[in-house]
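For the single chain, residues carry numbers from 1 onward in sequence order.
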Amino acid sequence: YNIPLLFNEDGKVVFRYRAVQQLPGGERLTSRWSPEYDLGGGLGKASFNGHQNNLTWQAATSFAEEGKLKSAVAYYDGTLRQRQTVTKDNVTNTTVLAETLYDFQGRPAVSVLPAPTLSNVIAFTPLATTKLDLNAPGSEYTKDL
């Protein structure tokens, strides 16, 4: 089971675990939690370096039945306008990216529909709209259109 490590700066996540078995008759059989039988302390640890510390972002993770989860991260610019949203679920293990482009007055001008990416990593993608080809092939969308 992969836990999304969407936190600021360096840190550690500490966890414990136990085995669960569903028997044919519908009965549920569980073991003791890991600290009770593991002589090494029973706690697992995951270290991380923080999620894109140089950007302004906000993350939300939703959990559902059968171990399903979805993490969405919204990235903001210096004026705190939402520029890009990246969403990942643990069923397809792919990310979906959506963007909002603004005019000279700071109003939303173009909302790029969410589209799947070739990556499975939640991260800001600079120049993601270069594939729009609104100006010239391969150039970034500009307000001058």
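- No side-chain heavy atom of Leu97 sits under 4.5 Å from any side-chain heavy atom of Pro114.
- Phe124 and Val73 end up in the same hydrophobic cluster when Ile, Leu, Val, Met, Phe, Trp and Tyr side chains are linked at under 4.5 Å.
- Considering only residues two or more places apart in sequence or on other chains, Glu66 meets the side-chain contact (heavy atoms from CB on, under 4.5 Å) condition with Lys68.
- Remark: Gln22 CD is packed, more than 12 non-hydrogen atoms of other residues, nucleotides or ligands lying under 6.0 Å away.
- Separation of atoms CZ (Arg83) and OG1 (Thr100) is listed at 8.5 Å; rounding is to 0.5 Å.
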| said: Quick one, Thr56 with Leu80, criterion side-chain contact (heavy atoms from CB on, under 4.5 Å). Give me CA distance, side-chain angles, the key distance, then yes/no. | reply: CA-CA 8 Å; Thr56 303; Leu80 295 181; 3.9 Å; yes
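- For the 3.5 Å distance criterion, the side chains of Thr61 and Ser71 qualify, holding a donor opposite an acceptor.
- Judged purely by atom type and a 3.5 angstrom limit, Trp57 uses its side chain to pair as donor or acceptor with the backbone of His51.
- Inspection of the Thr92 and Thr94 side chains reveals an N or O donor paired with an N or O acceptor under 3.5 Å.
- Side chains of Asn93 and Lys88 form a contact here, defined as non-hydrogen atoms less than 4.5 Å apart.
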| message | Checking Thr95 against Thr117 for the side-chain hydrogen bond (donor to acceptor under 3.5 Å, both in side chains) test, could you report, in this order, the C-alpha distance in whole Å, the side-chain angles of both residues, the deciding distance, and whether it holds? | response | CA-CA 6 Å; Thr95 58; Thr117 66; 2.3 Å; yes
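- Note that the OH atom of Tyr102 and the CD atom of Gln82 stand 6.5 Å from one another [nearest 0.5 Å].
- A donor-acceptor pair shorter than 3.5 Å can be found between the side chains of Gln52 and Tyr75.
- Residue Gln84 holds its CD atom at 9.5 Å from CG of Leu55, rounded to the nearest 0.5 Å.
- Donor-acceptor pairing under 3.5 Å is lacking for the side chains of Lys70 and Asn90.
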